[in-house]
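Fair warning: this is a prediction, and the values are worked out from it, not measured in the lab. Sequence lines set the chain letters: A, B, ... in the order given, protein chains first and strands last, and positions in each chain run from 1.
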Amino acid sequence: MTNVEKISSDFIRIIINEDLKTNKYNGRVYTRFPPEPNGYLHIGHAKSICLNFGIAEEYNGKCNLRFDDTNPIKEGEEYVKSIIDDVRWLGFDWEDRLFFASDYFSKMYSYAVDLIKAGKAYVDDQNAYEISYNRGTVNKPGKNSPYRDRSVEENLELFESMKNDEFKDGEKVLRAKIDNSHPNMNMRDPVIYRILHAIHHRTKDKWCIYPMYDWAHGIEDSIEKITHSICTLEFENHRPLYDWFLKELNIYRPQQIEFARLNLTYTVMSKRMLLELVNNDIVNGWDDPRLPTIKGMKRRGFSPSSIRDFCRRIGIAKVNSNIPIEFLEYCVREDLNKTAPRFMGILNPLKITIENYSNDLIEYMDVINNPEDPNSGIRKVPFSKSIYIEQDDFMENPIKKFYRLSPGGEVRLVNAYFLKCNDVIKEDDIVKELICTIDHDTKGGNSPDGRKVKSTIHWVSLKNAINADVRLYSRLFTIENPSGKKGQDYKEFLNPNSLKILKNCKIEPAVSKLKKFDRFQFLRKGYFCIDPDTTDKNLVINQTVELRDRWLKIKKKGEPS
RNA sequence: GGCCCCGUAGUGUAGCGGUUAGCAUAAGAGACUCUGGAUCUCUUGGCGCCAGUUCGAAUCUGGCCGGGGCUGCCA
């Protein structure tokens with residue numbers, strides 16, 4: 001533990017450092033990531049995953065992957081699989097430590113029996129409404145249940161009957177006997193077992209009673225000898241209960257620590273809302289690239305390392321915060337800039353005919369795959385008489401500070417020639433084609449006479465271009481905090497233009513060799529990846545994020561505001 | 001009217017009684033550039049408020065103000 005001092009310290013690591021110093025857990029650091037398999041993982045879970053697995057790694061400890069599957073009504077195998085997949089994709093390894101709360105159901109049952117024997121739990125016949133009503137409110141103490149003083153024997157018998165399928169759902173519950181006037185609502189005789197005749201995805205019909213979170217979670221942590229049980233802020237008020245159970249049971253007690261969950265601007269992070277977007281076909285499934293789900297982000301083109309970097313940079317604290325989504329975008333660009341090969345693709349094509357170029361000639365230009373990565377090598381890109389450039393890269397009447405192509409103006413075609421525009425062909429006042437010439441002496445991109453050109457644009461040879469659908473994504477919502485407007489449904493703020501599909505984009509041939517999910521940069525346009533919808537006949541490309549665009553700012557400044 | 005947690009540049013964080021209050025991002029200016037990308041340089045900008053303790057407070061104490069959470073047989 002010599003390098004402990006060097007680890008940057010958020011408040012959790014400070015606690016761990018202190019525990020190490022006082023030898024609280026004999027030098028062990030043991031965490032867990034405990035998802036409930038009732039939904040797909042999102043970037044908020046990634047924060048927790050990076051925290052728990054990251055801490056284990058830094059302190060030479062271990063981190064378990066444990067499914068908190070105590071509610072068969074909402075949970076299922078589909079979610080288990082996707083979660084396992086996602087945690088692995090993010091780059092973490094739980095080795096042989098994949099656990100399920102349901103593995104501990106027998107143990108939890110016998111602990112409940114112990115609690116009854118100790119006179120600390122009882123079977124309550126009140127229905128859900130009565131229990132809730134008698135619990136009181138935050139400023140009104142609750143009333144004891146008329147069944148609270150049953151004998152230990154009767155409780156034992158009834159609890160066993162509950163387990164043995166002798167009652168209907170909701171007919172009885174097991175409650176801890178604590179204090180119905182406790183200022184902390186969680187301590188007012190919380191329910192610890194309920195009757196649920198549901199098929200559990202792992203234990204099938206073995207049980208008809210299921211433990212509640214508060215009862216289950218501490219026991220799971222205790223069984224696994226977790227040292228630091230890290231959870232989100234809303235469980236702060238549950239900590240006294242967590243501690244109470246383990247103390248009454250007289251078993252190993254980990255320390256629960258709460259941190260603030262992640263919020264991102266222009267999106268929603270609640271499982272309920274994500275589920276609703278998916279089920280109502282507002283988005284196209286859990287892996288829709290507009291979603292902040294791990295599957296969506298993977299499909300959008302985010303790399304695992306960019307997500308990990310993001311989680312590291314945002315830090316850990318107890319204040320609720322709302323991270324600008326631009327920060328996430330910064331992190332992908334940062335990663336992809338160094339790792340993504342560059343290709344040329346024309347999203348909105350404008351045809352150019354080069355008058356002074358041979359009709360049938362095709363030249364192959366040497367192009368560096370990634371100028372940021374010296375090991376990335378070079379490739380050959382075909383050039384010919386007819387090429388496409390981006391519509392945006394031409395202005396018939398250029399505004400000031402527009403350095404790209406305009407009539408009479410000259411630009412560089414990246415890695416090819418200087419190009420000059422001589423004539424504009426229009427139909428109905430719309431620019432259809434440009435007639436241009438190249439300077440043959442500038443092959444490769446430099447002029448022997450030292451002549452400079454203010455702009456360099458990208459291009460694709462018409463003859464060699466392959467077509468693709470390019471899907472452009474922007475924020476799913478139109479306001480920063482769609483779920484935070486009181487009295488208004490978050491769906492009112494959906495962005496109708498969050499998905500834009502461009503057909504017949506013109507792409508350089510090398511892109512056809514890429515595999516699904518491969519990430520790359522379209523030169524000057526942004527980062528993209530191959531969508532899994534791609535077939536032999538149809539190339540589908542997703543935009544991850546645009547490049548930083550200074551031109552946008554310059555243009556805006558030029559406009560009267 | 002109860003209980004718990006939290007307030008450091010626009011945003012996210014570091015600081016643990018003595019610092020020119022650090023870092024990142026955003027914003028602004030400039031340099032460089034075969035991506036208006038990347039890179040580099042500079043600038044602007046912060047301790048919620050009021051007392052107290054102390055030679056000395058962002059840091060300790062108290063009060064106030066502000067924000068969040070808690071009244072499922074969800075997790």
Side-chain angles (χ1 to χ4, degrees), chain A residues 8-10 14 34-36 38-39 68-71 73-75 124 126-129 131-133 135-142 169-175 181-188 190-196 209-210 212-214 216-217 231-240 258 260 265 271-272 313-324 326-327 330-331 333-334 337-338 342 344 367-368 371-372 401-404 411-416 418 442 444-446 452-458 521-526 546-555:
Chain A
S8 92
S9 49
D10 51 67
I14 287 174
E36 184 191 11
N38 68 343
D68 213 358
D69 53 351
T70 58
N71 184 0
I73 291 169
K74 293 184 177 174
E75 297 154 2
D124 195 344
Q126 294 181 108
N127 63 36
Y129 173 78
I131 288 176
S132 167
Y133 182 80
R135 182 138 39 215
T137 69
V138 285
N139 12 279
K140 204 182 81 198
D169 285 2
E171 214 175 317
K172 288 187 166 38
V173 291
L174 184 69
R175 290 229 260 170
S181 58
H182 198 107
N184 181 343
M185 297 295 290
N186 295 126
M187 302 296 272
R188 320 246 262 227
V191 172
I192 58 180
Y193 266 97
R194 77 288 214 189
I195 300 170
L196 246 37
I209 58 170
Y210 290 91
M212 297 287 288
Y213 169 87
D214 286 308
H217 206 88
C231 60
T232 45
L233 248 32
E234 68 269 27
F235 292 103
E236 267 170 339
N237 292 337
H238 293 244
R239 181 158 23 95
E258 312 85 14
T265 58
K271 279 188 191 175
R272 193 204 96 222
R313 284 169 183 266
I314 56 175
I316 299 295
K318 298 187 81 157
V319 265
N320 293 295
S321 59
N322 211 5
I323 310 276
E326 292 83 354
F327 194 65
Y330 164 83
C331 292
R333 288 194 191 104
E334 182 80 355
N337 174 48
K338 296 191 191 85
R342 272 62 166 168
M344 292 195 282
V367 176
I368 297 171
E372 299 289 322
K401 299 228 172 144
F402 181 85
Y403 301 142
R404 286 110 91 179
V411 296
R412 170 166 37 231
L413 295 172
V414 60
N415 292 297
F418 282 16
T442 57
N446 286 302
K452 295 269 188 242
V453 104
K454 274 208 142 170
S455 181
T456 301
I457 65 173
H458 58 107
Q521 182 191 115
F522 268 145
L523 204 68
R524 303 206 307 130
K525 294 312 290 182
E546 293 179 291
L547 252 31
R548 253 181 78 202
D549 192 354
R550 272 239 257 250
W551 166 241
L552 261 185
K553 279 182 202 164
I554 296 166
K555 203 168 65 174

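Judged by ring centres under 5.5 Å apart and planes tilted less than 30 degrees, A:Phe327 fails to stack against the six-membered base ring of B:G12.
You'll find that the side chain of A:Val138 is closest to B:U71, out of B:G1, B:U71, B:G36. Distance from the side chain of A:Ala317 is smallest to B:U13 among B:C70, B:G12, B:U13. In this structure, of B:G36, B:U35, B:U13, it is B:G36 that holds the atom nearest to the side chain of A:Arg404. The side chain of A:Glu36 approaches B:A75 more closely than any other nucleotide in the set B:A24, B:A75, B:C4. Listed candidates were B:G36, B:C73, B:A38. Nearest to the side chain of A:Asp549 is B:G36. Of the candidate nucleotides B:C3, B:U11, B:G37, B:C3 has the atom nearest to the side chain of A:Pro183. Picking from B:C16, B:G12, B:G68 the nucleotide with the shortest atom distance to the side chain of A:Ile323 gives B:G12. Among the nucleotides B:G15, B:U71, B:C74, the one closest to the side chain of A:Lys74 is B:C74. Proximity note for A:Asn237 (side chain, C-beta onward) versus B:C73, B:G68, B:G69: the nearest is B:G69. In the set B:C70, B:A75, B:G36, the nucleotide with an atom closest to the side chain of A:Tyr213 is B:A75.
Summarising the base pairing, B:G66 is matched to B:C6 through a Watson-Crick or G-U wobble pair whose two defining distances lie under 3.5 Å. Remark: B:A21 base-pairs with no nucleotide in the shown strands. Criterion, Watson-Crick or G-U wobble with two distances under 3.5 Å. When Watson-Crick and G-U wobble pairs are counted only if both distances are under 3.5 Å, B:C73 pairs with no nucleotide at all. Under the Watson-Crick or G-U wobble criterion, with both distances below 3.5 Å, B:C42 is paired with B:G28.
A:Arg135 comes within contact range of the sugar-phosphate backbone alone, with a heavy-atom separation under 4.0 Å but no base atom that close. Base contact: A:Leu523 has a heavy atom under 4.0 Å from a base atom. Among the protein residues, A:His238 comes within range of the nucleic acid bases, having at least one heavy atom under 4.0 Å from a base atom. Counting non-hydrogen atoms under 4.0 angstrom, A:Phe235 reaches a base of the nucleic acid. Within the nucleic acid shown, A:Thr265 has no heavy atom closer than 4.0 Å to any nucleic acid atom. Within the 4.0 angstrom heavy-atom criterion, no nucleotide atom of any strand lies near A:Asn184. At a threshold of 4.0 angstrom between heavy atoms, the contacts of A:Ser455 with the nucleic acid are absent. Heavy atoms of A:Ile554 sit under 4.0 angstrom from at least one base atom. Among the protein residues, A:Val414 comes within range of the nucleic acid bases, having at least one heavy atom under 4.0 Å from a base atom. The residue A:Phe402 sits close to a base: some heavy atom pair falls under 4.0 Å. Using a 4.0 Å heavy-atom cutoff across all strands shown, A:Pro371 reaches at least one base atom of the nucleic acid. Within the 4.0 angstrom heavy-atom criterion, base atoms lie near A:Ile131. Here A:Asn322 lies in heavy-atom contact (under 4.0 Å) with sugar-phosphate atoms only.
A straight line from CG of A:Asp10 to C1' of B:C23 spans 15 Å, rounded to a whole angstrom. Counting to the nearest Å, the P atom of B:U35 and the CE atom of A:Met344 are 13 Å from each other. A straight line from CG of A:Asn186 to P of B:C5 spans 14 Å, rounded to a whole angstrom. Taking atom OH of A:Tyr129 as the reference point, atom C1' of B:U71 lies 13 Å away to the nearest angstrom. Rounded to whole Å, the distance from OH on A:Tyr330 to C1' on B:U39 is 12 Å. The distance between atom CG of A:Leu233 and atom P of B:C6, rounded to the nearest whole Å, is 9 Å. If you measure from atom CZ of A:Arg548 to atom P of B:U25, you get 10 Å, rounded to the nearest angstrom. Between the CG atom of A:Asn139 and the P atom of B:C4 there is a distance of 14 Å, rounded to whole Å.
Contact annotation: the side chain of A:Asn71 approaches that of A:Arg194 to within less than 4.5 Å [non-hydrogen atoms, C-beta and beyond]. Taking 4.5 Å as the limit, some side-chain heavy atom of A:Glu36 sits within range of a side-chain heavy atom of A:Lys271.
Under a 3.5 Å cut-off, the side chain of A:Arg342 and the backbone N or O of A:Arg524 do not form any donor-acceptor pair. With hydrogens and angles disregarded, no donor-acceptor distance shorter than 3.5 Å links the side chain of A:Arg135 to the backbone of A:Asn186. Looking only at distances, a side-chain donor or acceptor of A:Asn184 sits under 3.5 Å from a matching main-chain atom of A:Asn237.
Contact of A:Arg342 with B:U35 (side chain to base): a donor-acceptor pair of N or O atoms is detected under 3.5 Å. Evaluation of atom-type donor-acceptor distances gives a pair under 3.5 Å for the side chain of A:Glu372 against the base of B:G37. You'll find a donor-acceptor pair under 3.5 Å spanning the side chain of A:Gln521 and the base of B:U35, going by distance alone.
The 5' end of RNA chain B is approached more closely, in terms of each residue's nearest nucleotide, by A:Lys318 than by the other of A:Gln126 and A:Lys318. Residue-to-nucleotide proximity on RNA chain B shows that, of A:Ile14 and A:Leu413, the 5′-proximal contact is made by A:Ile14.
Distance noted for atom C1' between B:U59 and B:C73: 46 Å (whole Å). Rounded to a whole angstrom, the distance from the C1' atom of B:C32 to that of B:U41 is 11 Å.
In this structure, A:Lys553 reaches the B:G28 phosphate: one of its side-chain N or O atoms is under 4.0 Å from OP1 or OP2. Using a 4.0 Å cut-off, no side-chain N or O of A:Tyr403 falls inside it from OP1 or OP2 of B:G36. Within the 4.0 Å cut-off from OP1 or OP2 of B:U35, not a single side-chain nitrogen or oxygen of A:Arg550 is found. Residue A:Lys555 places no side-chain N or O under 4.0 Å from the OP1 or OP2 atom of B:G36. Taking side-chain N and O atoms only, A:Arg272 has no distance below 4.0 Å to OP1 or OP2 of B:G72. The side chain of A:Arg194 contributes an N or O atom lying less than 4.0 Å from OP1 or OP2 of B:A75. A close approach under 4.0 Å does not occur between any side-chain nitrogen or oxygen of A:Ser321 and OP1 or OP2 of B:U11. Residue A:Arg524 places at least one side-chain N or O closer than 4.0 Å to OP1 or OP2 of B:G36. Distances shorter than 4.0 Å separate none of the side-chain N or O atoms of A:Thr456 from OP1 or OP2 on B:U35.
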### Task
Start with the C-alpha distance between A:Val411 and A:Thr456, add both sets of side-chain angles, then the distance that settles side-chain contact (heavy atoms from CB on, under 4.5 Å), and finish with yes or no.
CA-CA 6 Å; A:Val411 296; A:Thr456 301; over 6 Å; no
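Using a 90° window around 0 for the glycosidic torsion, B:G72 falls inside it and is classed as syn.
Across every non-hydrogen atom of A:Ser455 and A:Tyr403, the tightest pair is CB-O, 3.1 Å. Closest of all the heavy-atom pairs between A:Ile14 and A:Ser9 is CG1-CB, 3.7 Å.
Ring orientation note: the planes of A:Tyr330 and A:Phe327 are close to parallel, at an angle under 30° on the 30°/60° scale.
Using a cut-off of 4.0 Å between Lys/Arg side-chain N and Asp/Glu carboxylate O, A:Glu236 and A:Lys318 are scored as salt-bridged.
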